[in-house]
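Reckoned from all heavy atoms, side chains included, excluding hydrogens, waters and symmetry mates. This is a predicted model, so every value here is computed, not measured.
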Amino acid sequence: GFKEIEVGFPSASRTDFDIVRHLIDDKRIPDDVTPMVITQLRPDLIRETVRSVLGARRVIVHFYNAIAPAWRDIVFKMEVPQIQAMVQESVQLLRELTDQHPETEWVLQYSPETFCMAELEVSLLMCNTAINTWEASPTRPMIINLPTTVEVSTPNVFADQIEWMHRRLNRRDHIVLSVHPHNDRGTGVACAEQAMLAGAQRVEGCLFGNGERSGNLD
């Protein structure tokens, strides 16, 4: 019953790349299932990611970058406008690459990693930059995915963050609003349920606790 499945990080691992190519070349993906591949916002990784999925009928390309203050200040040493420019340039590159392959339906998914620890205004700026650059529309589908990268609050606080974003995202009618809960506090399921009530339309998780750190969302 699962119709969108993240199958790997093909730009980071030769094994992942080969698995994705095997699924596409050997026609192992059912027509009603969409594979998803994930990448960071680096031009070389984006190019390799696109190359890994060429020939697929439909594919979700999942972009992510950390945006919270600690990551901006300590890890990247970048100001908000620099990170916004990185988002815009990366999405524009993806557009240029994917426009050369109209035989595939390309879906952009953008995740402001560390969303739950970032200022909402910064999260909104990054998401709207991605939305506007991709020009999300019925013919250019897009997913905005908001994670609890590390659970740092109760589920009601996360739901309030989701509702705030839901009410302010650009081109909201053309966006699928997704959440990606983690389970550090043991409330990953509660976060997902509360987020759905607050305007989210899609939930990312894992099967039987086999997934990212802390079991992600089962």
>> To the nearest 0.5 Å, what is the distance between SG on Cys116 and NE2 on His180?
In response: 10.5 Å
> Hey, does the side chain of Ser111 reach the backbone of Tyr64 with a donor-acceptor pair shorter than 3.5 angstrom?
Replying inline: no
>> Taking Trp134's backbone N and O only, do any of them form a donor-acceptor pair with Arg140's side chain (distance below 3.5 Å, no angle check)?
In response: yes
> What are the two closest non-hydrogen atoms of Leu177 and Ile162, and how far apart are they?
Replying inline: CD2-CG2, 4.1 Å
> What's the verdict on side chain to side chain contact (heavy atoms under 4.5 Å, CB included) for Glu193 and Val203, showing C-alpha distance, side-chain angles and the deciding distance?
Replying inline: CA-CA 9 Å; Glu193 292 177 328; Val203 176; over 6 Å; no
> Arg47 side chain to Arg42 main-chain N or O, any donor-acceptor pair under 3.5 Å?
Replying inline: no
> Are Ile38 and Val7 co-members of a hydrophobic cluster defined by side-chain heavy atoms under 4.5 Å apart?
Replying inline: no
>> Is there a side-chain contact between Ser90 and Thr133 in this structure, where contact means two heavy atoms from C-beta onward sitting under 4.5 Å apart?
In response: no
> Can you tell me how far the CD1 atom of Ile46 sits from the OG atom of Ser11, to the nearest 0.5 Å?
Replying inline: 9.0 Å
> Is the closest side-chain donor-acceptor distance between Ser178 and Glu204 under 3.5 Å?
Replying inline: no
> For the atom pair CD1 (Ile83) and OG1 (Thr129), what is the distance rounded to the nearest 0.5 Å?
Replying inline: 11.5 Å
> For the residue pair Asn128 and Arg168, what are the closest heavy atoms and their distance?
Replying inline: ND2-O, 3.9 Å
> Roughly how far, to the nearest 0.5 Å, is CD of Gln84 from CE of Met78?
Replying inline: 11.0 Å
>> If you define the side chain from C-beta out and look only at heavy atoms, does anything of Thr104 sit under 4.5 Å from Val53?
In response: no
> Do Phe9 and Leu94 share a hydrophobic cluster (ILVMFWY, side-chain heavy atoms under 4.5 Å, transitive)?
Replying inline: no
> Got a sec: does the CZ of Arg167 have more than 12 other heavy atoms crowding it under 6.0 Å?
Replying inline: no
>> Given 3.5 Å as the limit, does a donor-acceptor pair link the side chain of Thr114 with the main chain of Met117, or not?
In response: no
> Going through the checks in order, is the side chain to side chain contact (heavy atoms under 4.5 Å, CB included) test met by Trp164 and Leu124?
Replying inline: CA-CA 9 Å; Trp164 192 93; Leu124 184 66; 3.9 Å; yes
>> Hydrophobic clusters here meaning ILVMFWY residues chained together by side-chain heavy-atom distances under 4.5 Å, can you tell me if Val61 and Val176 are in one?
In response: no
> Which distance, rounded to the nearest 0.5 Å, do you find between the CD1 of Ile19 and the OG of Ser52?
Replying inline: 11.5 Å
>> Between Met142 and Gln109, does the side chain to side chain contact (heavy atoms under 4.5 Å, CB included) criterion hold? Intermediate values first, please.
In response: CA-CA 6 Å; Met142 185 171 178; Gln109 173 169 315; over 6 Å; no
>> If you define the side chain from C-beta out and look only at heavy atoms, does anything of Met126 sit under 4.5 Å from Val80?
In response: yes
> Closest heavy-atom contact between Glu151 and Asn183?
Replying inline: OE1-C, 3.4 Å
> Has the side chain of Glu89 got a donor or acceptor atom that lies under 3.5 Å from a matching backbone atom of Met86?
Replying inline: no
>> Working note: Val33 + Arg58, criterion side chain to side chain contact (heavy atoms under 4.5 Å, CB included); need CA distance, chi angles, decisive distance, verdict.
In response: CA-CA 8 Å; Val33 172; Arg58 184 177 191 265; over 6 Å; no
> For Glu79, does the CD atom have more than 12 heavy-atom neighbours from other residues, nucleotides or ligands under 6.0 Å away?
Replying inline: no
>> Can you tell me which residue among Arg21, His22, Lys27 is in a side chain to side chain donor-acceptor pair (under 3.5 Å) with Asp25?
In response: Arg21
>> Could you report the tightest heavy-atom contact between Ala200 and Val179, atom names first, then the distance?
In response: CB-CG1, 3.9 Å
> Are Ile60 and Leu217 connected in the hydrophobic side-chain network, where two residues link if heavy atoms are under 4.5 Å apart?
Replying inline: no
>> To check you understand the geometry: which heavy-atom pair defines the closest contact between Ala190 and Pro155, and what is its length?
In response: CB-CG, 3.6 Å
>> So does Met36 get a backbone contact from the side chain of Glu6, meaning a donor-acceptor N/O pair under 3.5 Å?
In response: no
>> Within this structure, what is the NE2-OG1 distance for the pair His182 and Thr148, rounded to the nearest 0.5 Å?
In response: 6.0 Å
>> Contact between Trp106 and Val59 at the side-chain level, heavy atoms closer than 4.5 Å - yes or no?
In response: yes
> Between Trp71 (side chain) and Asn65 (backbone), is there a donor-acceptor pair under 3.5 Å?
Replying inline: no
> Does some side-chain heavy atom of Asp160 sit less than 4.5 Å from a side-chain heavy atom of Gln194?
Replying inline: no
> Taking the side chain from Arg172 and the backbone from Ile175, do they hold a donor-acceptor pair closer than 3.5 Å?
Replying inline: yes
> Do the side chains of Leu146 and Met165 get nearer than 4.5 Å, heavy atoms only?
Replying inline: yes
> Should the heavy atoms of other residues, nucleotides or ligands under 6.0 Å from CG of Asp32 be counted, would the total exceed 12?
Replying inline: yes
>> Could you tell me if the side chain of Phe2 sits less than 4.5 Å from the side chain of Leu207, heavy atoms only?
In response: yes
> Under a single-linkage definition using a 4.5 Å side-chain heavy-atom cutoff for Ile, Leu, Val, Met, Phe, Trp and Tyr, are Ile74 and Val150 assigned to the same hydrophobic cluster?
Replying inline: no
>> Using modelled atom types and a 3.5 Å cut-off, is there a donor and acceptor pairing between side-chain atoms of Arg72 and backbone atoms of Ile67?
In response: yes
>> Is there a side-chain contact between Asn145 and Tyr110 in this structure, where contact means two heavy atoms from C-beta onward sitting under 4.5 Å apart?
In response: no
> For Pro35 and Ile29, which heavy atoms make the closest approach, and how far apart are they?
Replying inline: CG-CD1, 3.7 Å
